[in-house]
Amino acid sequence: MKLIPYVNIKMGTKSLPRRSNGNTLPLTQIPFGMAAFCIQTENRGGWFYHPEHEFAEGVRLTHEPSPWINDYGTFLMTPQNDVVGNDGNGAWSGYRIEDSIQRPDYLKLTFLRSNCTFELTPVERGAAIRLAFHDDRRSFLSFLPVKGNYTYRFDAETATLYGTTDGHSGDISVGFKMYFAVRFLGGVTDPDRTYTVGENDKACIHVALASRNIEARIGISYISEEMAVAVIDRECGALSFDTLRGLAETNWEEKLHRIEIETDDEEQMRTFYSCLYRPFLFPHKAYELDAQGTPVHYSPFDGQTRPGVRYTDNGFWDTYRTVYPLYTLIAREEFAEMVEGFVNDYLECGWLPRWPSIGECGCMPSTLIDAVIAEAAVNGIGKREVLENALKGMIHHANNESKDWRYGRNGAKEFVEYGYMLREKHRDSVNLTQDSAYGDWCIATVAKVLGHDELVEEYMARSKYYKNVFDPESGFMRGRDKDGNKAEFFDPTTWGGEYTEGSAWQNSFAVPHDVEGLAELFGGKDALIQKLDELFATPPKYRVFGYNNEIHEMTEMALVDFGQMAISNQPSFHLPFLYSALGAQEKTDYWVQKLAEEAFSSADDGYPGDEDNGTTSAWYIFATLGFYRLCPGKTEWIPCRRLVKSAKIMGKEI
């Protein structure tokens, strides 16, 4: 049975900055591939696609992991004739959504203005495209600007377009440039009419076409023009469009079949496999193969070409919770290579990554890559040499701070000195304290796996520092200043300030590594269960003082309305599973089923909040399968009621 037909790659795309139902993109790409493609309906910064907009500015090469991070290394492809526009705003066309096809392995739409059907199928670092113009107008395939400065050169002898773009967002990327090559097949171009317009960020090129039926192959590189051309030769070769499409389809079918479920509910099938598609998109490969087939990569830290693999476009604050535990079951080899790539970042710049999107963005606080490394180590994933270097990087950021806030653990020295982050000095002080305590537990865990017993006791002791921000009077985690004093004003529904994307309600239970110790703070397991009952029963009210304005996560918590359980955002993901860990599995069963059935669907608005690189999708996958990794870095799965008749993982019944 083929599973791609169950995948709606538009799930989560019906979103706005003020109301996220996923904030996803409908990406056509090879799993973990370096090049992704998507229709651009209009360029509104990070939000450039909406599933209900019946117009298209073109097909965009994109690497965007999140609209909040934005894109890099991107351009727009648009078939044109008659009046030719020089950017998306001037070149846009109507298209019939119902006639388009958007799948993981294949994209097809007809631009009504140019009367051209555009097809695309991906390869790992590029794509094959096929165009059919349905009348005899003189036509062009235009390459239009999106972000950054562009250069173009057309080689008439080989019918190959060469281009570059340096566009990227709020990351650190020394000398970043993406090179791309587009080879047209079969003498379909007219070099005498091909022309370039503008320069720098306004530059575009219109490749004149001498035939109504056109094929081309695309390759990209972060290293050189020659490497982009090599992608075409290696990944496309002389293979036909249909053959390449078949290879992409086979690749995706193999990934989707790594989990097989049995259910009579067609909507559940669609939701499950639409979710399973997402964790195979990110992180993106950011390495290439040299002439000998050896991995090499552009290093954003010095602009040089370095040996080895690299991965990017991942926010560990989100993904550590669900995505990497899922990889231990269905993508172990890929996970091992990812860890090697993350450690290469440490070897090249001195810091493990936090939120890389080609370069380091540092978007979210703390260093939750600690949990990713611990999850790999306890599951026997990764070479010992890689894990040894990873441990060095973890210890480094646990005790030292970077001059650039985007690197390392913010407030690391304060955590060592005071046992908590100072609320007067740091936003997110409570979460920074909790995450640092958990990170130190991860260090102890990796050290134990590697046999460095001399480190275990020290970091295990530091892993208890979360207790320093517990306030027994209010029953919540609260920030402290350097003298140990709490703020005079406290309302547990106030978002921000001392808390990350939530209030005290969502962020007072973030101690996955020590549930027993957390329960003791509340007065025992029964008392903590009672506190969780109160959380689910408390209306989803919120106050904006910590942010001084509403953020979309507040809106979403209130609209989905599961009390203070904000399934719309990551800090709440583990909350229903705490019941099971405390011995009340029936309450976990009730809430997980309710959340999975009421907050998720395969529709274009099918997520309760930001999807975040597979994170929310993987939560739904675990909820459906009947178990959850409460603490990445432990091998224990927390049980809940399975929501399907049966399931297989990698061919084995569970």
Side-chain angles (χ1 to χ4, degrees), residues 11-12 15 19-24 259 261 263 265 267-276 278-279 318-319 321-323 325-326 501-503 505-510 512 529 531-542 552-582 584-603 605-612 614-630 637-644 647:
M11 179 179 172
S15 298
R19 177 62 169 102
S20 173
N21 292 298
N23 266 331
T24 59
I259 304 180
I261 62 170
T263 176
D265 187 336
E267 169 58 19
Q268 189 178 40
M269 280 286 288
R270 287 190 291 271
T271 304
F272 187 88
Y273 286 104
S274 297
C275 283
L276 187 54
R278 289 274 158 200
D318 303 299
T319 55
R321 305 168 197 265
T322 58
V323 172
L326 182 63
E501 292 187 356
S503 69
W505 272 118
Q506 294 78 45
N507 290 293
S508 291
F509 309 94
I529 290 172
K531 189 74 173 182
L532 290 171
D533 290 343
E534 185 183 353
L535 179 147
F536 279 94
T538 298
K541 297 179 180 178
Y542 55 91
H552 72 95
E553 289 88 353
M554 301 174 189
T555 315
E556 291 142 16
M557 180 190 73
L559 292 176
V560 299
D561 194 4
F562 297 106
Q564 291 289 329
M565 164 63 198
I567 186 59
S568 52
N569 204 30
Q570 285 76 20
S572 291
F573 278 10
H574 71 296
L575 294 176
F577 296 97
L578 279 174
Y579 280 124
S580 188
L582 295 166
Q585 185 181 328
E586 71 283 355
K587 295 189 176 186
T588 292
D589 293 345
Y590 171 80
W591 280 111
V592 169
Q593 183 169 1
K594 184 176 179 65
L595 291 162
E597 292 179 350
E598 296 182 16
F600 292 81
S601 79
S602 67
D605 59 354
Y607 291 105
D610 278 357
E611 198 282 325
D612 288 323
T615 304
T616 306
S617 293
W619 187 96
Y620 178 85
I621 291 166
F622 285 129
T624 303
L625 296 177
F627 54 89
Y628 188 81
R629 182 81 87 209
L630 182 63
W637 296 103
I638 301 299
C640 63
R641 182 190 299 121
R642 190 168 61 197
L643 303 182
V644 290

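Just so you know, residue 1 is the first one in the sequence shown, and it goes up from there. Below, each value reflects all heavy atoms present in this structure, side chains not excepted, and no hydrogens, waters or symmetry copies.
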Under 3.5 Å: donor-acceptor pair, side chain of Thr615, backbone of Asp612: yes
Side-chain touch Val560/Ile567, heavy atoms, less than 4.5 angstrom: yes
Results of side-chain hydrogen bond (donor to acceptor under 3.5 Å, both in side chains) for Thr538 - residues two or more places apart only: none
Glu611 side-chain N/O to Gly614 backbone N/O, donor-acceptor pair under 3.5 Å: yes
Any side-chain heavy-atom pair of Ser602 and Glu267 under 4.5 Å: yes
Sequence-distant partners of Asp533, salt bridge (charged side-chain N to carboxylate O under 4.0 Å, His left out), two or more places apart: Lys587
Set of side chain to side chain contact (heavy atoms under 4.5 Å, CB included) partners for Arg642, sequence neighbours left out: Val644, Ile654
Residues Ser568 and Glu553: side-chain donor-acceptor under 3.5 angstrom: no
Ser580 side chain vs Pro639 backbone, donor-acceptor pair below 3.5 Å: yes
Spacing of Leu532 atom CG and Met565 atom CE [to the nearest 0.5 Å]: 10.5 Å
Distance-only donor-acceptor check, side chains Tyr607 and Ser617, under 3.5 Å: yes
side-chain contact (heavy atoms from CB on, under 4.5 Å) assessment of Leu326 paired with Ile259: CA-CA 11 Å; Leu326 182 63; Ile259 304 180; 4.2 Å; yes
Euclidean distance, Arg278 CZ relative to Thr616 OG1, rounded to 0.5 Å: 10.5 Å
Whether Asp589 side chain and Arg641 backbone form a donor-acceptor pair below 3.5 Å: yes
4.5 Å side-chain heavy-atom contact, Gln564 and Leu575: no
Summary of salt bridge (Lys or Arg N to Asp or Glu O under 4.0 Å) pairs that have at least one residue in residues 565-575, sequence neighbours excluded: none
Results of side chain to side chain contact (heavy atoms under 4.5 Å, CB included) for Ser15 - residues two or more places apart only: Ser20, Asn21, Asn23
Cys640 and Phe627: CA distance, side-chain angles, deciding distance, side-chain contact (heavy atoms from CB on, under 4.5 Å) verdict: CA-CA 5 Å; Cys640 63; Phe627 54 89; 5.9 Å; no
Derivation of the side-chain contact (heavy atoms from CB on, under 4.5 Å) call for Asp610 and Thr24: CA-CA 8 Å; Asp610 278 357; Thr24 59; over 6 Å; no
Polar side-chain atom of His574 near backbone of Arg321 as donor-acceptor pair, under 3.5 Å: no
Note, Ile638 side chain near Arg629 side chain (heavy atom, < 4.5 Å): no
Side chain to side chain, Met557 and Tyr542, heavy atoms closer than 4.5 Å: yes
Donor-acceptor pair between Ser503 and Gln506 side chains, under 3.5 angstrom: yes
Chi angles and distances behind the ring pair (Phe, Tyr, Trp, His ring centres under 6.0 Å) call for Trp637, Phe622: CA-CA 10 Å; Trp637 296 103; Phe622 285 129; 5.4 Å; yes
side-chain contact (heavy atoms from CB on, under 4.5 Å) between Tyr590 and Glu586, worked out: CA-CA 6 Å; Tyr590 171 80; Glu586 71 283 355; over 6 Å; no
Beyond-backbone contact of Leu625 with Ile261, side-chain heavy atoms, under 4.5 angstrom: yes
Shortest non-hydrogen separation from Pro608 to Arg19 and the atoms involved: O-NH1, 3.9 Å
Tyr620 to Ala596 - nearest heavy-atom pair and separation: CE1-O, 3.6 Å
Mutual orientation of the aromatic rings belonging to Trp619 and Phe600 [parallel < 30°, tilted 30-60°, perpendicular > 60°]: parallel
Approximate separation, where rounding is to 0.5 Å, of Arg270 CZ and Cys275 SG: 13.0 Å
Sub-4.5 Å side-chain heavy-atom contact between Phe272 and Thr263: no
Pairing residues for Lys594 by the salt bridge (charged side-chain N to carboxylate O under 4.0 Å, His left out) criterion, not counting sequence neighbours: Glu598
Over 12 foreign heavy atoms within 6.0 Å of NZ, Lys541: no
Spacing of Asn569 atom CG and His552 atom NE2 [to the nearest 0.5 Å]: 7.0 Å
Within-4.5 Å side-chain heavy-atom neighbours: Pro576 and Phe536: yes
Approximate separation, where rounding is to 0.5 Å, of Leu578 CG and Trp591 CH2: 14.5 Å
Under 3.5 Å donor-acceptor, Gln268 side chain and Leu643 backbone: yes
N/O donor-acceptor pair under 3.5 Å between Ser572 side chain and Ala566 backbone: yes
